[in-house]
Amino acid sequence: MRPLVATIDLSALRHNYLLAKRCAPGRQAFAVVKANAYGHGARETVTALREIADGFAVACLEEAEDIRASAPGARILLLEGCFEPAEYLRAAELGLDVAIQDQRQAEWLLAADLSRPLNVWLKLDSGMHRLGFTLEGLRLCHAQLKGLGQVAELNLISHFACADERGHPLTGLQLERCGELLELAFDNCSLANSAAVLTLPQAHMAWIRPGIMLYGATPFSELSAQTLGLKPAMTLTGALIAIRELQPGESVGYGAGWVAQRASRIGTVSCGYADGYPRTAPSGTSVVIHGQRVPLTGRVSMDMLAVDLTDVPQAQLGDGVELWGAQMPIDELAQACGTIGYELLTKVTGRVPRRYVG
Ligand SMILES: Cc1ncc(COP(=O)(O)O)c(C=O)c1O
């Protein structure tokens, strides 16, 4: 078997969820498990959290279908609502909470003959300008849906654009705009993503929506996951599958871009960009062997990458290589590649087996 595995620590997921809850005492929390739980396996994540989580949030009906059986009694929120009228019928059968982000979705609900009423989350576009009603549009929709037979709870939801940049003026503005609607007496309000859970208590409201922090990565560029008390849930581990000795002047990999400056021992590792390791990782990016950091040499290939083992003479064929995890934070790799931990986690491909521990 190819020696590459993503080990998912379920106890780390629980630790991180409970940390989110401690940040917002007395509030409820939707664990955000969209995109296959940020690559960790939605069903396994839901199963690990179902005893402690107040609810789960997903992007679409298909994702809700996938996890419903794993958490039969839990609230599951469709963050983008329904994409066509028939989805409301299925949402009612599955007992989902649905966001409504525009008048079209509201009309579909008004016309739907549901088996039971739905908890509805009216989405305000408070400044992200991606989804949601204007202040005035939301007031009108609230009046339209209040007391309707298809509606159980009528709630307010919005999403921050810049909560990961502490002190950003748009965040205050978004909070103000949401505040203007609270006179409408919603049953619940939900605003906070991980960044707001961690640093913006005034945004906690009734329900928080932590995503990335559950997986032990940071939403901030300047605050590490470790500083925040988060535990990485995923460790990506490959192995040394070849080792060779290079003379000064010899090169490694496609494009021959990395050239040995000294006699070097080069290891080939069983992980490449077709597994989700970013091809943009530059030479010098760290992986960890025997608890020691060693640098990438040359371009990442589809199934393999190369590292300089010269300073770890005890490294030998078959040794494990941590691409990311507790010793090599995914956020550090992401920064080196000009991206975010979210992207790396969600891009671990289907051919990488997930192994669950904890
Ligand atoms: C509407 C909504 N709420 C919550 C989240 C969770 O955000 P984060 O992963 O930054 O905690 C997301 C994720 O993008 C989202 O789209």
Side-chain angles (χ1 to χ4, degrees), residues 13 16-21 23-24 27-40 42 45-46 49 53-61 63-64 75-83 96-102 105 120-133 155-166 168 170-171 174-175 178 188-201 203-221 223 225 228-230 232-234 330-331 334 339-347:
L13 288 172
N16 296 332
Y17 180 86
L18 292 173
L19 193 149
K21 289 279 287 186
C23 290
R27 319 303 167 100
Q28 305 204 69
F30 285 114
V32 179
V33 294
K34 60 185 175 147
N36 197 28
Y38 291 42
H40 293 68
T45 298
V46 167
L49 293 178
D54 306 306
F56 297 95
V58 293
C60 57
L61 186 68
E63 292 182 345
R75 287 180 77 153
I76 299 177
L77 167 60
L78 293 187
L79 288 166
E80 294 169 38
C82 294
F83 292 102
L96 306 181
D97 284 36
V98 293
I100 291 191
Q101 53 92 9
D102 67 3
Q105 288 183 331
V120 167
W121 294 79
L122 293 183
K123 179 141 187 165
L124 175 69
D125 181 357
S126 56
M128 177 94 169
H129 297 145
R130 190 173 66 174
L131 292 179
F133 292 95
N155 304 310
L156 177 66
I157 188 168
S158 195
H159 192 51
F160 290 115
C162 304
D164 55 322
E165 294 175 45
R166 286 185 292 166
H168 195 291
L170 184 53
T171 304
Q174 289 193 269
L175 264 172
C178 294
N188 292 290
C189 175
S190 176
L191 306 179
N193 56 2
S194 296
V197 168
L198 290 160
T199 57
L200 212 61
H204 287 169
M205 306 298 172
W207 283 81
I208 57 172
R209 304 192 308 274
I212 193 71
M213 68 180 294
L214 299 179
Y215 308 103
T218 181
F220 305 104
S221 54
L223 253 181
L228 295 165
L230 299 169
M234 184 191 290
I330 192 165
D331 299 306
T339 185
I340 50 179
Y342 299 70
E343 186 181 15
L344 298 185
L345 289 171
T346 54
K347 281 192 168 168

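Counting starts at 1 for both ligands and their atoms, in listed order. Below, all heavy atoms of this structure are taken into account, side chains as well, without hydrogens, waters or symmetry copies.
Every residue two or more places apart in sequence or in another chain was checked for a ring-ring contact (aromatic ring centres under 6.0 Å, His included) with H159, and none qualifies. F56 meets the ring-ring contact (aromatic ring centres under 6.0 Å, His included) test with no other residue; sequence neighbours excluded. For N16, there are no side chain to side chain donor-acceptor pair (under 3.5 Å) partners two or more places apart in sequence or in a different chain.
Ring planes of W121 and W207: perpendicular class, angle over 60° (limits at 30 and 60°).
Between R27 and D54 there is no salt bridge, since no side-chain nitrogen of the basic residue lies less than 4.0 Å from a carboxylate oxygen of the acidic one.
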For ligand 1, output the ligand-protein N/O contacts shorter than 3.5 angstrom; if there are none, return none.
{"from": "ligand 1", "atom 1": "3 (N)", "to": "R209", "atom 2": "NE", "distance (Å)": "2.9"}
{"from": "ligand 1", "atom 1": "3 (N)", "to": "R209", "atom 2": "NH2", "distance (Å)": "3.3"}
{"from": "ligand 1", "atom 1": "9 (O)", "to": "Y38", "atom 2": "OH", "distance (Å)": "2.6"}
{"from": "ligand 1", "atom 1": "9 (O)", "to": "I212", "atom 2": "N", "distance (Å)": "2.8"}
{"from": "ligand 1", "atom 1": "10 (O)", "to": "Y342", "atom 2": "OH", "distance (Å)": "2.6"}
{"from": "ligand 1", "atom 1": "11 (O)", "to": "S194", "atom 2": "N", "distance (Å)": "2.8"}
{"from": "ligand 1", "atom 1": "11 (O)", "to": "S194", "atom 2": "OG", "distance (Å)": "2.5"}
{"from": "ligand 1", "atom 1": "11 (O)", "to": "G211", "atom 2": "N", "distance (Å)": "2.8"}
{"from": "ligand 1", "atom 1": "11 (O)", "to": "I212", "atom 2": "N", "distance (Å)": "3.4"}
{"from": "ligand 1", "atom 1": "14 (O)", "to": "K34", "atom 2": "NZ", "distance (Å)": "2.9"}
{"from": "ligand 1", "atom 1": "16 (O)", "to": "K34", "atom 2": "NZ", "distance (Å)": "3.1"}

Between L19 and M213, is the side chain to side chain contact (heavy atoms under 4.5 Å, CB included) condition met? List the steps.
CA-CA 9 Å; L19 193 149; M213 68 180 294; 3.8 Å; yes
